[in-house]
Amino acid sequence: MGAEPCFQEAFSISGGDFTNAGEVSSRVKKILQELGVDNKIIRRVTIATYEAEMNVVWYARKGTLTLSVTPDLLRISVQDEGEGIADIELAMREGYSTASPEIREMGFGAGMGLPNIKKNSDEFHVSSVVGQGTNLDIVIRRQ
Ligand SMILES: Nc1ncnc2c1ncn2[C@@H]1O[C@H](COP(=O)(O)OP(=O)(O)OP(=O)(O)O)[C@@H](O)[C@H]1O
Ligand SMILES: [Mg+2]
């Protein structure tokens, strides 16, 4: 029980496309509301999904975010094709950011995205291959 997804959907994210940025996390939020997921859980998932989505927009060429829902948990996996992260421990540090002046002008680049994903997750794994891309695996338990 609980291992089989009762809902799964994959969403594409385009790197550099900040006009549509945030759309995937809005759709994920709506789906979870329709599935009757607890609001507190939705809030955590939405924060994690939004931060992961924005990182693909800013730092990768393209990516896919997959939402899986089981009776016990929500899993968000994000796979992108891009520059990758050379030092994951450093990237996970609060305040660390390589955001360009353009990104900062739009109000991003505080270096809080990955730490916020971790804070809102029950399990969080990052793996990356420099020059290829980054994978995030986020698990949030429903109770
Ligand atoms: N998908 C990714 N591909 C390549 N590099 C990434 C990716 N996600 C994060 N990084 C790197 O890790 C750094 C820290 O990411 P994090 O999301 O914590 O902060 P930020 O995006 O710089 O700022 P904020 O999320 O607060 O707007 C980024 O500046 C970037 O160098
Ligand atoms: Mg970020």
Side-chain angles (χ1 to χ4, degrees), residues 2-35 37-70 72-143:
E4 293 295 311
C6 57
F7 178 92
Q8 188 164 49
E9 191 166 337
F11 306 89
S12 297
I13 304 166
S14 307
D17 184 7
F18 53 82
T19 51
N20 292 315
E23 203 180 87
V24 170
S25 49
S26 300
R27 283 170 68 192
V28 165
K29 184 179 182 181
K30 199 158 167 265
I31 287 164
L32 297 181
Q33 283 168 338
E34 281 166 7
L35 289 172
V37 174
D38 182 82
N39 275 328
K40 274 192 209 131
I41 302 293
I42 293 179
R43 198 169 165 273
R44 290 169 59 199
V45 175
T46 305
I47 293 168
T49 305
Y50 179 75
E51 295 295 352
E53 178 183 7
M54 293 314 297
N55 282 352
V56 175
V57 171
W58 298 133
Y59 307 114
R61 273 190 306 282
K62 61 174 178 172
T64 304
L65 184 148
T66 306
L67 168 71
S68 310
V69 181
T70 75
D72 296 339
L73 55 84
L74 301 160
R75 168 170 258 129
I76 299 108
S77 66
V78 188
Q79 308 191 309
D80 73 44
E81 291 173 24
E83 64 198 40
I85 302 174
D87 187 338
I88 291 172
E89 206 186 306
L90 182 62
M92 290 291 304
R93 235 177 257 168
E94 290 190 7
Y96 175 81
S97 177
T98 61
S100 65
E102 289 78 13
I103 294 174
R104 288 171 196 271
E105 239 167 63
M106 283 186 264
F108 296 87
M112 292 306 292
L114 292 173
N116 266 335
I117 295 173
K118 190 174 183 192
K119 238 176 254 171
N120 284 284
S121 307
D122 291 308
E123 287 170 39
F124 180 39
H125 300 286
V126 186
S127 61
S128 189
V129 178
V130 173
Q132 287 185 27
T134 301
N135 289 354
L136 307 185
D137 187 30
I138 300 161
V139 174
I140 296 174
R141 283 192 289 275
R142 295 178 68 176
Q143 49 250 321

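For ligands, and for the atoms within them, numbers begin at 1 and follow the listed sequence. All figures in this text were calculated on a predicted structure; none of them were measured in a lab.
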How about Ile42 and Asn39: do any of their side-chain heavy atoms sit closer than 4.5 Å?
yes

For Ala110, the ligand 1 atoms with a heavy-atom partner under 4.0 Å come out as 23 (O), 24 (P), 26 (O), 27 (O)

I need the atoms of ligand 1 closer than 4.0 Å to a non-hydrogen atom of Pro115, numbered in the order shown.
18 (O)

What heavy-atom pair brings Asn20 and Glu53 nearest, and what distance separates the two atoms?
O-OE2, 4.1 Å

What's the shortest distance from atom 31 (O) of ligand 1 to any protein heavy atom, and which residue and atom give it?
Thr98 OG1, 2.5 Å

Distance check below 2.8 Å: does Asn55 bring an N, O or S atom to the Mg ion (ligand 2)?
yes

Around atom 22 (O) of ligand 1, find the nearest protein heavy atom and jot down its residue, atom name and distance.
Ser97 OG, 2.5 Å

Just to confirm my output: which protein heavy-atom neighbour is closest to atom 25 (O) of ligand 1, and how far is it?
Gly113 N, 3.1 Å

Beyond-backbone contact of Thr66 with Gln8, side-chain heavy atoms, under 4.5 angstrom
yes

Under a 4.0 Å heavy-atom limit, does Ile103 contact ligand 1 with its side chain, its backbone, both, or neither?
neither

Leu67 versus Phe7: any side-chain heavy-atom pair under 4.5 Å?
yes

Protein heavy-atom partner closest to atom 20 (P) of ligand 1 - residue, atom, separation in Å
Tyr59 OH, 3.5 Å

Under 3.5 Å: donor-acceptor pair, side chain of Thr49, backbone of Ser25:
no

Note the single closest protein heavy atom to atom 26 (O) of ligand 1, along with its residue, its atom name and the distance in Å.
Met112 N, 2.8 Å

Counting heavy atoms not belonging to Phe124, are there more than 12 under 6.0 Å from its CZ?
yes

Should one rank Ile85, Leu90, Asn135 by closest heavy-atom distance to atom 6 (C) of ligand 1, which comes out on top?
Ile85

Using a 4.0 Å cutoff against the non-hydrogen atoms of Ala91, which atoms of ligand 1 qualify?
12 (O), 14 (C), 18 (O)

I need the nearest protein heavy-atom contact for atom 19 (O) of ligand 1: residue, atom name and distance, please.
Gly111 CA, 3.2 Å

Separation between CD1 (Ile47) and OG (Ser121), nearest 0.5 Å, reads 10.0 Å

Ligand 1 versus Glu51, non-hydrogen atoms closer than 4.0 Å: side chain, backbone, both, neither?
side chain

I need the nearest protein heavy-atom contact for atom 27 (O) of ligand 1: residue, atom name and distance, please.
Gly109 N, 2.8 Å

Arg44 and Asp38 ion-paired at < 4.0 Å:
no

Which bit of Ala60 is near ligand 1, meaning a heavy atom under 4.0 Å away: side chain, backbone, both or neither?
neither

What's the shortest distance from atom 18 (O) of ligand 1 to any protein heavy atom, and which residue and atom give it?
Leu114 N, 2.9 Å

Are Val56 and Val78 packed together at the side-chain level, in the sense that at least one heavy-atom pair is separated by less than 4.5 angstrom?
yes

Using only atom types and a distance under 3.5 Å, with no angle test, would you say the side chain of Asp80 pairs donor to acceptor with the backbone of Lys62?
no

Check each of Val130, Thr134, Asn55 against atom 9 (C) of ligand 1 and report the one with the nearest heavy atom.
Asn55

